[in-house]
Amino acid sequence: MAQATGPSRSQPATLGDVARLAGVSIATASKALNGRSQVRAETRQRVVEAAERLSFRPNQVARGLLAGRTGTVGLITSDLEGRFGIPILMGAEDAFGAGEVAVFLCDARGDAIREQHHLRALLGRRVDGLIVVGSRTDPRPSLGRELPVPAVYAYAPSDDPEDFSVVPDSLGAGRLAVDHLLACGRTRIAHITGDPGYLAAQDRAEGARAALADAGLALIGEPRFGAWSEGWGRAATAMLLDRHPDIDAVLCGSDQIARGVMEVLRERGHRVPDDIAVMGFDNWQIMTAGSRPPLTSVDMNLEQVGRVAAHALFAAIAGTPRTGVDTLPCKVVIRGSTAPLS
């Protein structure tokens with residue numbers, strides 16, 4: 001019996017067939033056929049040509065991808081304030097495509113029992129997959145390998161290497177931050193950061209030290225660990241200036257800490273950035289835009305974390321799951337609190 005070489009007339013081509021013929025992922029094929037701007041022109045043309053060869057129509061995308069499924073995905077977050085969960089959700093929804101996949105958002109509030117309750121409820125709604133979002137970058141317990149649907153972990157990686165997780169590069173972010181301050185001519189850099197029990201705090205400090213070492217420099221004093229708050233930023237800055245009044249930059253482990261740092265610098269008569277540059281982390285707009293001057297900060301690219309997580313979930317739903325951890329680069333958003341020394 002001859003083998004079939006493509007979809008039969010009684011079984012129309014699916015989005016997966018188009019993606020395979022064009023040599024792209026299902027998510028890329030979906031974007032190309034829906035006119036999304038993130039696809040290169042030559043890739044879009046290749047996908048369109050593949051769709052034409054298979055007699056596949058753009059309005060078949062949702063049916064082809066979601067045939068036999070509910071078209072819903074669950075997102076479980078432990079981020080109470082929405083600082084991490086909401087940007088990740090926005091990125092995921094962008095990748096899923098408007099109107100094609102609905103996302104149920106559940107807040108577990110960092111409680112394992114509440115998380116299990118939400119998990120049961122989502123599975124009861126027959127979601128096609130799950131994205132699990134943490135409030136910190138420390139590894140978290142896996143939901144287990146017996147789940148009836150695929151799960152992808154975002155921001156907080158699963159502790160099971162057989163799961164797939166997407167995280168920002170906190171170590172690289174510390175390097176990026178110091179590289180920016182060095183490019184601004186700063187050489188006497190101190191570091192005030194948050195809770196030492198957070199992996200992000202340790203990774204950022206390690207990355208900062210490594211970048212300074214590459215330049216033949218070192219932090220002024222040891223990293224000052226404390227709370228993720230403006231109050232800690234104020235207290236730590238007062239102690240820092242008493243011991244090291246000649247610093248020319250302060251790298252802060254969060255934007256909240258940076259706000260406290262700048263307040264004390266002003267009180268002590270130091271101009272930002274003329275005398276001392278200040279830099280934050282997380283690029284939390286409510287903090288960065290309201291600072292005086294506006295705060296330079298490291299953006300953790302959380303929307304991209306959400307997009308990559310959604311693409312991976314698409315692939316897993318289609319039968320090609322990934323494993324391991326995908327670490328995504330961060331970026332520096334430059335504002336008025338850092339400037340080159342004249």
Side-chain angles (χ1 to χ4, degrees), residues 7 11-20 24-34 36 38 56-78 85-108 114-134 140-158 160 162-166 303-324 326:
Q11 188 174 10
T14 67
L15 182 62
D17 297 324
V18 175
R20 279 190 293 274
V24 299
S25 69
I26 290 177
T28 298
S30 175
K31 285 189 208 176
L33 293 173
N34 281 287
R36 303 300 286 274
Q38 299 99 325
F56 183 87
R57 298 290 181 267
N59 62 7
Q60 293 175 299
V61 169
R63 292 197 299 273
L65 179 63
L66 301 173
R69 307 188 188 279
T70 63
T72 59
V73 166
L75 189 147
I76 303 176
T77 178
S78 294
I86 297 303
I88 291 172
L89 171 63
M90 291 171 61
E93 285 193 318
D94 179 63
F96 286 138
E100 291 187 15
V101 177
V103 180
F104 294 125
L105 176 62
C106 300
D107 185 3
R114 185 180 293 269
E115 181 178 85
Q116 286 298 314
H117 166 75
H118 286 314
L119 177 60
R120 288 192 296 271
L122 289 169
L123 294 178
R125 287 179 173 268
R126 298 180 58 243
V127 295
D128 299 322
L130 299 163
I131 295 178
V132 186
V133 181
R140 54 146 292 144
S142 171
L143 293 178
R145 300 185 185 181
E146 305 304 318
L147 287 175
V149 297
V152 172
Y153 299 79
Y155 199 71
S158 168
D160 185 345
E162 293 302 310
D163 289 329
F164 181 67
S165 306
V166 187
E303 288 194 27
Q304 181 64 10
V305 169
R307 283 190 286 269
V308 172
H311 291 158
L313 190 59
F314 258 142
I317 292 171
T320 55
R322 298 174 60 183
T323 61
D326 195 351

R120: partners by salt bridge (Lys or Arg N to Asp or Glu O under 4.0 Å), with sequence neighbours left out: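 So R120 forms no salt bridge (Lys or Arg N to Asp or Glu O under 4.0 Å) with any residue.
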
Under the salt bridge (Lys or Arg N to Asp or Glu O under 4.0 Å) test, residues paired with R114 that sit two or more places apart: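 Applying salt bridge (Lys or Arg N to Asp or Glu O under 4.0 Å) to R114 gives none.
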
Just verifying a value: how many Å separate [X] [atom1] and [Y] [atom2], rounded to the nearest 0.5 Å?
X: D128; Y: T72; atom1: CG; atom2: OG1; value: 5.0 Å
X: H118; Y: L123; atom1: NE2; atom2: CG; value: 13.0 Å
X: L75; Y: I88; atom1: CG; atom2: CD1; value: 8.0 Å
X: E162; Y: R322; atom1: CD; atom2: CZ; value: 14.0 Å

[X] and [Y]: which non-hydrogen atoms are nearest, and at how many Å?
X: T77; Y: D107; value: O-OD1, 3.3 Å
X: H311; Y: A95; value: NE2-CB, 3.5 Å
X: S158; Y: S142; value: OG-CB, 3.3 Å
X: I317; Y: G129; value: CD1-N, 4.4 Å
X: I131; Y: A154; value: CG2-CB, 4.3 Å

Are the side chains of [Y] and [X] in contact, using a 4.5 Å heavy-atom criterion?
X: R125; Y: T70; value: no
X: E115; Y: L143; value: yes
X: E93; Y: V101; value: no

Lys/Arg cation over aromatic Y153: R140, 6.0 Å, 45° cone: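 The answer is no; the distance or angle limit is not met.
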
Full working for side chain to side chain contact (heavy atoms under 4.5 Å, CB included) between L147 and L119: CA-CA 10 Å; L147 287 175; L119 177 60; 4.1 Å; yes

A108 backbone acceptor or donor facing S78 side chain under 3.5 Å: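 Pair absent, no side-chain N/O of S78 close to backbone of A108.
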
CA sep, side-chain torsions, deciding dist, call: R145, D160, side chain to side chain contact (heavy atoms under 4.5 Å, CB included): CA-CA 9 Å; R145 300 185 185 181; D160 185 345; 2.8 Å; yes

